[in-house]
Amino acid sequence: MIEKGSYIRDILRQPVGTTVEAHGWVKTRRDSRGIHFIQMNDGSGFSDLQVVVEAGVVPAETLARVTTGACLRVCGELVASPGAGQAVELKARVIEVYGDADSATYPLQKKGHTMEFLREIAHLRARSNTFGAVFRVRNVLSAAIHRFFQERGFLYVHSPILTTSDCEGAGALFRVTTLDLMNLPRTPSGEVDTTADFFGRPAYLTVSGQLEAEIFALAFTNVYTFGPTFRAEQSNTPRHLAEFWMVEPEMAFADLDDDRRLAEEFLKYTIGAVLEEARDDLEFFNKRIDNTVLATLEHVVTSGFEHVTYTEAIRLLEQARDQGRQWEFPVHWGADLQSEHERYLTEEVFRKPVVVTDYPKEIKAFYMRLNDDGRTVRAMDVLVPRIGEIIGGSQREERYDILRERIDAQGLNADDYWWYLDLRRYGSAPHAGFGLGLERMMMYLTGMKNIRDVIPFARAPGEARF
RNA sequence: UCCUCGGUAGCUCAAUGGCAGAGCGCCCGGCUGUUAACCGGAUUGUUGGAGGUUCGAGUCCUCCCCGAGGAGCCA
């Protein structure tokens with residue numbers, strides 16, 4: 001195995017004269033009379049290692065097998081590079097080919113490919129510049145998320161993937177069953193007998209870890225989940241996946257202001273970490289994918305987020321309308337904010353992240369805390385340019401009677417929420433939390449335009465090939 | 001799921017209803033230091049699928065499949 005210190009990233013920092021052994025995959029190769037240049041990468045960093053092969057050093061039959069995509073071991077000496085683009089290069093003494101890559105059929109070329117094409121070869125795209133950078137950023141981001149919460153004493157809770165509560169109320173669920181679909185057990189009245197199923201009742205893939213996080217927050221004070229969630233929506237957009245990763249902190253003894261502050265601090269911390277630890281990769285995104293990424297991220301880390309209430313947001317949208325702005329969807333107090341409205345606020349009015357709070361209770365979930373005005377709830381959405389909603393959160397309703405009323409008012413069955421209500425009967429406390437879509441944040445960080453290109457293997461309607 | 005646009009060589013794309021093409025890649029040759037190397041040459045086709053109109057369909061019509069963007073849902 002490759003030990004720490006022996007990755008190509010490390011080799012590039014070694015002093016001239018060091019004898020090294022590099023392992024990796026060939027990106028590209030250039031030949032001249034009597035000299036060959038091979039660029040190889042092992043995924044450890046954005047920069048490739050340039051291997052120089054002088055005439056006669058390596059057998060011709062070996063050299064012929066060094067094609068784009070082939071996997072190599074190269075031994076030699078690190079020397080100063082006379083060419084531009086790299087400080088050092090590896091002067092090869094021995095080359096061993098681990099695995100050939102037939103150049104007639106290997107689909108990755110030296111030249112750029114479209115994202116659509118790379119998506120169809122997800123098993124090979126990880127070796128490309130773009131996807132190497134994407135997944136290194138994703139790794140740095142994930143580590144920074146854990147570090148942020150761990151430094152603040154939050155407990156990492158593993159919320160379940162399988163659930164029998166279809167009461168989470170956040171979109172269509174994937175049904176999970178071990179029943180024989182060709183021969184379903186039936187009740188006397190002819191319905192499917194779900195008591196015969198694995199859990200003795202209908203089961204699903206989770207759409208959120210929030211309710212379980214609330215249980216843990218009311219025992220461990222500050223907690224967070226970080227795991228996959230599933231939505232069976234027929235969503236076919238560049239911003240939706242059927243399987244995506246979500247980060248959900250939950251804090252006892254916290255209100256919506258605390259929640260909003262945590263969200264801002266969280267985004268600034270994690271963005272700062274990526275700026276620091278994945279600089280090469282971000283510079284690549286800034287150069288080749290979206291030339292506003294670096295400036296945007298640096299601006300976010302140093303400036304404050306805007307905060308408006310829903311009511312104020314509606315007023316801004318109405319003002320725009322009165323000044324001639326055409327809205328496809330009508331704006332009035334009580335209507336949900338549409339994509340065009342969110343974009344206007346964050347991209348045109350404020351040009352930075354905006355937190356909108358205190359939405360009408362009718363357009364938000366039953367568990368959000370009712371304000372004293374009786375018409376709004378303590379909800380917040382964090383909106384960012386280009387992406388839209390990146391975080392959704394709220395202060396939770398901790399008062400038993402009011403929660404019970406809201407469950408009834410929304411036509412839900414209180415029996416289904418018995419344990420959730422129990423949390424309000426025994427030792428309830430004010431608490432708040434939010435959910436962040438990891439892939440949405442990845443899009444924000446990298447400038448990548450399609451969410452399917454910031455997750456290793458996308459799951460979407462009709463798409464689960466890899 | 002709805003709306004719009006698209007599917008032609010390995011990739012990116014062109015082709016008034018009338019001989020299916022270019023660039024790049026791959027391959028071969030050349031060049032003593034290349035950086036998406038360069039120069040020369042060669043190869044590359046079930047025009048997404050099934051029907052239909054027509055003397056003749058990549059092009060027009062119908063249905064289906066796939067992709068992209070927008071909308072809804074949301075993270």
Side-chain angles (χ1 to χ4, degrees), chain A residues 27-39 47-56 64 67-69 79-86 89 91 101-121 128-129 168-172 207-210 225 228-248 263 287-288 328-329 336-340 342-343 363-365 381-384 387-393 434-444 449-455 460-463 465:
Chain A
K27 272 269 177 64
T28 178
R29 165 180 168 176
R30 294 174 293 273
D31 299 292
S32 201
R33 188 64 171 165
I35 190 161
H36 313 273
F37 299 92
I38 302 162
Q39 264 180 253
S47 302
D48 299 324
L49 174 65
Q50 173 162 286
V51 175
V52 184
V53 188
E54 292 178 347
T67 57
T68 301
V79 299
S81 179
Q86 62 282 316
E89 60 193 19
K91 188 176 172 184
D102 181 4
S103 53
T105 56
Y106 187 67
L108 278 177
Q109 309 175 170
K110 308 180 185 186
K111 296 265 178 177
H113 288 293
T114 61
M115 295 302 157
E116 291 80 15
F117 175 70
L118 291 169
R119 217 168 282 151
E120 292 175 6
I121 50 166
S128 68
N129 284 337
E168 291 168 332
V207 295
S208 165
Q210 181 198 317
T225 72
T229 52
F230 307 87
R231 304 281 166 88
E233 302 284 355
Q234 283 295 330
S235 300
N236 225 306
T237 84
R239 299 182 309 281
H240 292 84
L241 290 167
E243 175 183 286
F244 63 97
W245 284 63
M246 195 147 64
V247 178
E248 296 178 289
K287 191 170 153 196
R288 288 292 175 88
E328 192 183 337
F329 294 88
D336 208 351
L337 298 183
Q338 302 294 321
S339 292
E340 58 169 340
E342 295 181 343
R343 277 220 207 88
I363 58 173
K364 287 291 179 183
D381 284 353
V382 180
L383 313 176
V384 297
I387 312 298
E389 185 181 343
I390 195 169
I391 282 178
F434 64 76
L436 167 112
L438 187 76
E439 288 77 17
R440 292 266 175 95
M441 182 154 182
M442 279 295 297
M443 294 172 75
Y444 189 59
K449 303 289 183 292
N450 192 311
I451 200 167
R452 299 179 191 199
D453 298 329
V454 294
I455 190 167
E463 178 55 71
R465 277 175 291 183

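Each chain gets a letter, A, B and so on, in the order its sequence line appears, and its residues count up from 1. Excluded from the calculations below are hydrogen atoms, water molecules and symmetry mates; all remaining heavy atoms, backbone and side chain alike, are included.
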Task: A:Arg119 side-chain N/O to B:rA68 phosphate OP1/OP2 under 4.0 Å - done: yes
Open item on the list: Using OP1 and OP2 only, check whether a side-chain N or O of A:Gln86 sits under 4.0 Å from B:rU35.
Closed with: no
TODO: Look at A:Ser81 and B:rG33 and indicate whether a side-chain polar atom (N or O) is within less than 4.0 Å of OP1 or OP2.
DONE: no
Task: Under 4.0 angstrom between A:Arg33 side-chain N/O and B:rC31 OP1 or OP2 - done: yes
TODO: Establish, with yes or no, whether the OP1 or OP2 oxygen of B:rU34 is under 4.0 angstrom from a side-chain nitrogen or oxygen of A:Thr28.
DONE: no
TODO: Give, for atom CD1 of A:Ile451 and atom NE2 of A:His240, the distance between the pair rounded to the nearest 0.5 Å.
DONE: 8.0 Å
Task: Any A:Arg440 side-chain nitrogen or oxygen under 4.0 Å from OP1 or OP2 of B:rA75 - done: no
Open item on the list: Check this one for me: any side-chain N or O of A:Gln109 less than 4.0 Å away from OP1 or OP2 of B:rG25?
Closed with: no
Task: Minimal non-hydrogen separation, A:Arg231 against A:Val207, with atom names - done: NH2-O, 2.7 Å
- [ ] Select base, sugar-phosphate, or nothing to describe what A:Gln50 touches, counting heavy atoms under 4.0 Å on all strands.
- [x] base
Open item on the list: Without decimals, in angstroms, what is the distance between A:Glu120 CD and B:rC66 C1'?
Closed with: 9 Å
Open item on the list: Quick check on B:rU12: is either OP1 or OP2 less than 4.0 Å from any side-chain nitrogen or oxygen of A:Thr114?
Closed with: yes
Task: Distance-only side-chain donor-acceptor flag, A:Gln86 / A:Ser47, under 3.5 Å - done: no
Task: Short side-chain N/O contact to B:rC27 OP1/OP2 from A:Ser103, under 4.0 Å - done: yes
- [ ] Considering just the side-chain nitrogens and oxygens of A:Asn450, establish if one lies under 4.0 Å of OP1 or OP2 belonging to B:rG69.
- [x] yes
Open item on the list: Whole angstroms only, please: what is the CG-P distance between A:Leu337 and B:rA75?
Closed with: 14 Å
TODO: Answer with base, sugar-phosphate or nothing: what part of the nucleic acid does A:Pro107 contact at a heavy-atom distance below 4.0 Å?
DONE: nothing
